[in-house]
Amino acid sequence: MYRTENVDVRFHDEIATKVLNELGFDVSVRLRGCGCGCARKDSSCTFTSILSDPSSLPFLTSKDATTGHVLGTIAIPTESDYELVINTIQLAQQKWSLTPPPSRAAVLRTFADSIRKYIEQLGTLISLEMGKILAEGIGEVQEVLDICDLALGLCRSLSGCVLPSERPDHVILETWQSLGIVGVISAFNFPMAVFGWNVALALVTGNAVFWKPSETTPLTALALNSLLTDALDQNGFSRCLSTVLVGTGDQLGQRMANDRRIDLLSFTGSTQVGRKVATRVASRLGKSLLELGGNNALVVSHDADLELALDAVLFGAVGTAGQRCTTTRRLILHNSIAEIFLEKLVQRYKDFVVIGDPLNNSVLCGPLHSESAVEAYTAAIQQAQADGGRILCGGSTVSFDSSLSLRNTFVEPTIVDARSLGIEHSLLQNECFSPILYVLCFEKFEDAIRLNNSVSQGLSSALFASDMKVIWEWLRSAHSGLVNVNVGTSGAEVGGAFGGEKDTGGGRESGSDSW
């Protein structure tokens with residue numbers, strides 16, 4: 001059914017070598033797993049001479065998400081390395097917090113200039129290591145630029161309040177103070193943007209940042225943060241104010257959650273792991289910011305602009321191969337337009353979805369990030385069919401020429417008529433991080449709201465409609481952090497706080513009052 005584009009494995013290997021060299025990495029040797037510059041060939045990092053020798057340490061292997069070929073190996077720092085790094089960051093932050101905000105913002109201006117210089121290389125590295133298509137990889141880098149712009153504006157507007165006092169000849173001054181060290185644990189699906197949302201605002205408000213990236217996207221993290229540490233150095237500040245340490249969640253992630261020196265821990269990932277992080281941080285009365293699962297719904301009313309809604313559903317459900325926290329996973333259609341809408345949507349999938357090499361500009365859907373994601377996809381399809389769901393399109397894995405030796409992680413974007421399953425079915429209640437879209441229908445608008453709200457997650461919801469009464473009812477009734485009208489569930493603007501309610505965690509990243 002779907003058109004596929006083969007992968008040029010040799011081209012991938014050549015591009016990876018070129019991009020990593022241009023970003024300053026020598027992947028012929030084991031890289032240091034500390035990202036304040038010491039992973040690069042021209043390192044001038046604070047920790048280069050005092051951290052453990054990387055050649056003697058256990059390591060993570062970064063692989064091309066499409067071919068499975070090794071991109072590089074990165075040493076996992078020891079517990080003593082962790083202690084050295086966190087104590088050094090703590091000392092540097094105390095001085096940084098006394099720096100005027102416009103001087104802090106100058107670092108972000110330099111950082112943004114470097115990103116613009118290397119935007120193609122950074123976007124390509126995201127596509128290689130994570131697997132999203134190149135246009136999305138470059139778009140993700142643009143999000144980091146956008147949040148830097150926002151932080152530059154904030155540097156001269158971090159205002160407080162002057163309040164009247166009940167004591168004679170006194171006033172009350174209410175001001176914002178830096179927290180200290182902000183820990184960031186990010187996920188594989190947005191290996192740069194999530195860090196950008198956190199680091200730009202953390203730095204401009206006088207905090208230092210300690211980042212644990214996903215263990216499957218370490219090179220992306222090291223590359224981005226090396227540009228930031230260069231910017232700190234060029235402006236006369238300590239490189240360690242933004243430090244990456246690679247490691248596993250079981251070891252490094254738990255250590256960060258338990259560490260009282262980390263004043264705020266921002267975690268992006270699954271609800272299951274987020275509960276554990278929140279519990280550990282709460283046990284020390286620390287602050288956490290959680291951005292967890294989505295399971296988002298898009299509602300199409302009888303008076304909607306169907307063409308607009310069709311485009312939104314297609315990108316929302318298929319973009320990033322269904323691996324966004326804001327991916328459209330449930331489609332809720334008014335009975336009067338359901339059949340014509342589904343007919344047009346299936347045709348759109350056939351016409352526009354091309355599966356294959358994420359570096360090929362004609363491809364819309366790249367690979368899933370892991371073999372376990374493919375297993376979850378396959379299990380969900382089998383269960384849907386066994387329980388009465390009807391596959392309208394897709395439903396299978398995708399195989400390429402066996403001589404290419406690619407990873408078997410490509411799947412077909414799938415639409416499931418789930419009307420016979422119902423909203424209480426486990427498939428609709430639990431998020432599967434893959435491009436599966438479940439379809440439900442409604443007659444009365446209050447039923448659409450009920451279907452939208454009847455899951456434990458609450459990140460993003462979307463309504464396509466024209467009736468203003470219905471729209472206002474939607475805005476006050478949808479139980480989501482992001483409530484959209486006539487625009488899809490996926491994506492958000494940096495100017496507004498990003499996050500959700502219920503099992504999505506309640507945290508807010510990026511703009512507005514998130515900081």
Going by atom types only, do Asn484 and Ser461 share a side-chain donor-acceptor pair under 3.5 Å? no
Between the main-chain N or O of Pro168 and the side-chain N or O of His170, is there a donor-acceptor pair closer than 3.5 Å? yes
I'd like to know if Arg407 and Asp64 make a salt bridge, using a cut-off of under 4.0 Å between side-chain N and carboxylate O. no
Shortest non-hydrogen contact between Ala65 and Pro367, atoms and distance: O-CG, 3.8 Å
Are the side chains of Val277 and Leu265 in touch, meaning some heavy atoms are under 4.5 Å apart? yes
Could you tell me whether the side chains of Asp250 and Thr248 share a donor-acceptor contact shorter than 3.5 Å? no
For residues 219-239, pull every pair meeting ring-ring contact (aromatic ring centres under 6.0 Å, His included), keeping only residues two or more places apart or in separate chains. Trp96-Phe237
Looking at every heavy atom in both Gly500 and Leu459, which two are closest together, and how far apart are they? N-CD1, 3.7 Å
Calculate, to the nearest 0.5 Å, the distance between atoms CG and CG belonging to Asp26 and Asn21 respectively. 7.5 Å
Shortest non-hydrogen separation from Met192 to Ile126 and the atoms involved: SD-CD1, 3.7 Å
Begin with the C-alpha distance, continue with both residues' side-chain angles, and end with the deciding distance and a verdict on side-chain contact (heavy atoms from CB on, under 4.5 Å) for Gln121 and Val19. CA-CA 5 Å; Gln121 291 92 331; Val19 164; 4.1 Å; yes
Mind checking whether His479 and Lys502 have side chains closer than 4.5 Å, heavy atoms only? yes
Whether His369 side chain and Met130 backbone form a donor-acceptor pair below 3.5 Å: yes
Residues two or more places apart in sequence or in another chain: which of them pass ring pair (Phe, Tyr, Trp, His ring centres under 6.0 Å) with Tyr377? none
Audit row: Arg239, Asp230, side-chain contact (heavy atoms from CB on, under 4.5 Å) steps and yes/no: CA-CA 7 Å; Arg239 285 179 174 271; Asp230 282 351; 2.9 Å; yes
Check whether any side-chain heavy atom of Thr73 sits under 4.5 Å from a side-chain heavy atom of Leu60, and report yes or no. no
Please tell me if the side chains of Leu290 and Phe267 come closer than 4.5 Å, counting only heavy atoms from C-beta onward. yes
Decide yes or no for Leu163 and Leu173: does some side-chain heavy atom of the first lie under 4.5 Å from some side-chain heavy atom of the second? no
Whether the Thr216 and Glu129 side chains hold a donor-acceptor pair (N or O, under 3.5 Å, no angle test) is what I'd like checked. no
Would you tell me whether Gln383 and Ser426 have side-chain atoms, one donor and one acceptor, within less than 3.5 Å of each other? yes
Atom CG of Asn408: over 12 foreign heavy atoms under 6.0 Å: no
Just wondering, are more than 12 heavy atoms of other shown residues or ligands nearer than 6.0 Å to CD in Gln234? yes
Value rounded to 0.5 Å, distance of CD in Gln457 from CG in Asn295: 4.0 Å
Between Thr88 and Gln90, a side-chain donor and acceptor under 3.5 Å: no
How many angstroms lie between CG in Leu219 and CG in Leu224, if you round to the nearest 0.5 Å? 12.5 Å
Would you tell me whether Asn296 and Thr326 have side-chain atoms, one donor and one acceptor, within less than 3.5 Å of each other? no
Stepwise, does the side-chain contact (heavy atoms from CB on, under 4.5 Å) test hold for Leu152 with Arg109? CA-CA 7 Å; Leu152 285 171; Arg109 184 182 297 109; 4.0 Å; yes
Cation-pi geometry met for Arg508 and Phe498 (6.0 Å, 45°): no
Contacts of type ring pair (Phe, Tyr, Trp, His ring centres under 6.0 Å), residue Phe315, not counting sequence neighbours: none
Which heavy atom of Leu292 sits nearest a heavy atom of Gly274, and at what distance? CD2-CA, 3.8 Å
Asn207 side chain to Leu179 main-chain N or O, any donor-acceptor pair under 3.5 Å? yes
Test Val209 against Thr243 for side-chain contact (heavy atoms from CB on, under 4.5 Å), laying out the working first. CA-CA 6 Å; Val209 178; Thr243 296; over 6 Å; no
Side chains of His69 and Asp13 only: does a donor on one sit below 3.5 Å from an acceptor on the other? yes
Can you find a side-chain donor-acceptor pair between Asn87 and Arg261 that sits under 3.5 Å? yes
Validation row: Val184, Val199 side chains within 4.5 angstrom (heavy atoms): no
Grab the two heavy atoms, one from Glu291 and one from Cys325, that are nearest each other, plus how far apart they are. OE1-SG, 3.4 Å
Any salt bridge (charged side-chain N to carboxylate O under 4.0 Å, His left out) pairs touching residues 187-201, not counting sequence neighbours? none
Spacing of Glu375 atom CD and Leu368 atom CG [to the nearest 0.5 Å]: 11.0 Å
Mind checking whether Thr67 and His12 have side chains closer than 4.5 Å, heavy atoms only? yes
For the backbone of Asp81 and the side chain of Thr78, can you confirm whether one donor and one acceptor N or O come within less than 3.5 Å of each other? yes
Sorted by chain and residue number, the ring pair (Phe, Tyr, Trp, His ring centres under 6.0 Å) partners of Phe195 (sequence neighbours excluded) come out as Trp211
Do Leu437 and Arg329 make a side-chain contact, defined as non-hydrogen atoms from C-beta onward lying under 4.5 Å apart? no
Under the salt bridge (charged side-chain N to carboxylate O under 4.0 Å, His left out) criterion, do Arg284 and Asp259 qualify, and how do the steps go? CA-CA 8 Å; Arg284 60 178 174 86; Asp259 196 335; over 6 Å; no
Any chance you could lay out the salt bridge (charged side-chain N to carboxylate O under 4.0 Å, His left out) test for Arg330 and Glu431, step after step, and finish with the verdict? CA-CA 10 Å; Arg330 295 174 294 134; Glu431 184 179 40; over 6 Å; no
Whether Ser477 side chain and Trp474 backbone form a donor-acceptor pair below 3.5 Å: no
Is it true that a side-chain atom of Asn189 and a backbone atom of Gly322 form a donor plus acceptor pair closer than 3.5 Å? no
Nearest-0.5 Å distance, CD of residue Gln93 to OG1 of residue Thr99: 10.0 Å
Step through the shown structure and confirm whether more than 12 heavy atoms of other residues, nucleotides or ligands are within 6.0 Å of CD on Glu83. yes
For the OG1 atom of Thr229 and the CG atom of Leu241, what is their distance to the nearest 0.5 Å? 10.5 Å
salt_bridge(Arg275, Asp503) N-O dist < 4.0 Å: yes
Which heavy atom of Gly123 sits nearest a heavy atom of Val141, and at what distance? N-CG2, 3.7 Å
Checking side-chain polar atoms at under 3.5 Å, does Thr110 have a donor or acceptor matched by the opposite partner on Asp113? no
If only side-chain N and O atoms count, and only distance matters, is there a donor-acceptor pair under 3.5 Å linking Ser266 with Asn198? yes
Any side chain to side chain donor-acceptor pair (under 3.5 Å) pairs touching residues 135-144, not counting sequence neighbours? Lys132-Glu140, Glu136-Thr320, Glu136-Arg324, Gln142-Asp146, Glu143-Trp197
